[in-house]
Amino acid sequence: QVQLVESGGGLVQPGGSLRLSCTASGNVISTSPMGWYRQGPGNLRGLVARFTRGGTTVYADSVKGRFTISRDNAKNTVYLQMDNLKPEDTGIYYCSPDLGVSWGQGTQVTVSS
C-alpha cells in the first residue's frame, strides 16, 4: 500500500500563499492521477486539483486561476501552489494517487485575518 505524507499547511492571511507537498512511497507520482482534495469544516472531502492519467490537469472551479498543481517525478512528490488564498479555502488538504482510495494524514490550512 502506498504511503503518503502531506506537509506545508499553516495559518495564512487572506490574499496570502502556501505551497503544499505530498511525498509518496514508491513510483506512483508519474503514473497515477495524483490529486489534492480538501475537507472544509462540516463539509465532505472534495477535489481541489488533480492530474489525469494523460498528464493534463483538472481544477475545481473555485480554485481555477489561483492554485497550481505540479509534480516532481524524481522526488515522488506532488505540489499544490495556492495563491490569493480566501477564507473558504480553509480545511484539511489531502493527497490521493487513486481518486480517493488511498489517503495521507492531511495537512491543515487556515485562512484567516
Side-chain angles (χ1 to χ4, degrees):
Q1 184 175 356
V2 64
Q3 302 295 317
L4 303 160
V5 179
E6 298 101 333
S7 62
L11 172 64
V12 63
Q13 293 185 343
S17 297
L18 284 174
R19 189 176 81 152
L20 306 183
S21 300
C22 171
T23 299
S25 63
N27 185 23
V28 298
I29 296 293
S30 62
T31 59
S32 65
M34 288 295 304
W36 287 95
Y37 299 77
R38 174 175 66 212
Q39 185 165 12
N43 294 330
L44 297 176
R45 198 173 300 184
L47 175 71
V48 175
R50 72 172 180 88
F51 288 98
T52 67
R53 293 191 182 278
T56 58
T57 54
V58 178
Y59 292 92
D61 288 343
S62 62
V63 307
K64 285 180 180 177
R66 301 188 297 122
F67 290 12
T68 303
I69 189 171
S70 62
R71 58 189 172 188
D72 186 331
N73 296 336
K75 295 182 178 180
N76 290 327
T77 299
V78 63
Y79 303 97
L80 184 68
Q81 177 67 40
M82 306 187 294
D83 298 318
N84 191 21
L85 281 158
K86 302 177 180 181
E88 52 263 42
D89 296 320
T90 294
I92 303 174
Y93 284 70
Y94 300 87
C95 64
S96 174
D98 45 24
L99 304 178
V101 176
S102 306
W103 300 104
Q105 84 288 350
T107 186
Q108 175 71 47
V109 171
T110 303
V111 184
S112 175
S113 55

Closest approach of [X] and [Y], non-hydrogen atoms and distance?
{"X": "P97", "Y": "P33", "result": "O-CD, 3.3 Å"}
{"X": "P14", "Y": "S112", "result": "CD-C, 3.6 Å"}
{"X": "S96", "Y": "D98", "result": "OG-OD1, 3.0 Å"}
{"X": "A24", "Y": "V2", "result": "CB-CG2, 4.1 Å"}
{"X": "L4", "Y": "C95", "result": "CD1-O, 3.6 Å"}

| request: Could you please spell out the steps behind the side-chain contact (heavy atoms from CB on, under 4.5 Å) verdict for V63 and M82? | output: CA-CA 9 Å; V63 307; M82 306 187 294; over 6 Å; no

| Is the number of heavy atoms from other residues, nucleotides or ligands within 6.0 Å of CD (Q1) greater than 12? |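 Incorrect, the count does not exceed 12.
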
| query | Do K86 and D89 meet the salt-bridge criterion of a basic N to acidic O distance under 4.0 Å? | reply |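 Result for this pair is no, no salt bridge flagged.
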
Give a yes or no on whether [X] and [Y] share a hydrophobic cluster (residues Ile, Leu, Val, Met, Phe, Trp, Tyr; joining criterion: side-chain heavy atoms under 4.5 Å apart).
{"X": "I92", "Y": "V5", "value": "no"}
{"X": "V58", "Y": "Y94", "value": "yes"}
{"X": "Y59", "Y": "V48", "value": "yes"}

| query | Pick from V111, L11, L85, V12: which one makes a side-chain contact (heavy atoms from CB on, under 4.5 Å) with T90? | reply |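 It is V111; the other options fail the test.
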
| query | Parallel under 30°, tilted from 30 to 60°, perpendicular over 60°: which one fits the rings of W103 and Y37? | reply |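 It falls in the perpendicular class, over 60°.
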
| Step by step, would you call I29 with T77 a side-chain contact (heavy atoms from CB on, under 4.5 Å)? | CA-CA 7 Å; I29 296 293; T77 299; 5.8 Å; no

| task | Examine the side chains of S7 and T107 and answer whether a donor and an acceptor come within less than 3.5 Å of each other. | result |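 The answer is no; no qualifying pair exists.
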
| With no hydrogens and no angle check, do the side chains of S17 and D83 hold a donor and an acceptor under 3.5 Å apart? |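 Per modelled atom types, S17 and D83 side chains form a pair under 3.5 Å.
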
Donor-acceptor pair, [X] side chain versus [Y] backbone, under 3.5 Å?
{"X": "T52", "Y": "T57", "value": "no"}
{"X": "R38", "Y": "G91", "value": "no"}
{"X": "E6", "Y": "L20", "value": "no"}
{"X": "Y79", "Y": "D72", "value": "no"}

| message | Could you measure the distance from the CZ atom of R50 to the CH2 atom of W36? Nearest 0.5 Å is fine. | response |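 These two atoms lie 15.5 Å from each other.
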
| query | Do the side chains of C22 and M34 get nearer than 4.5 Å, heavy atoms only? | reply |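 The answer is yes, as the side chains (C-beta and beyond) meet within the 4.5 Å cut-off.
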
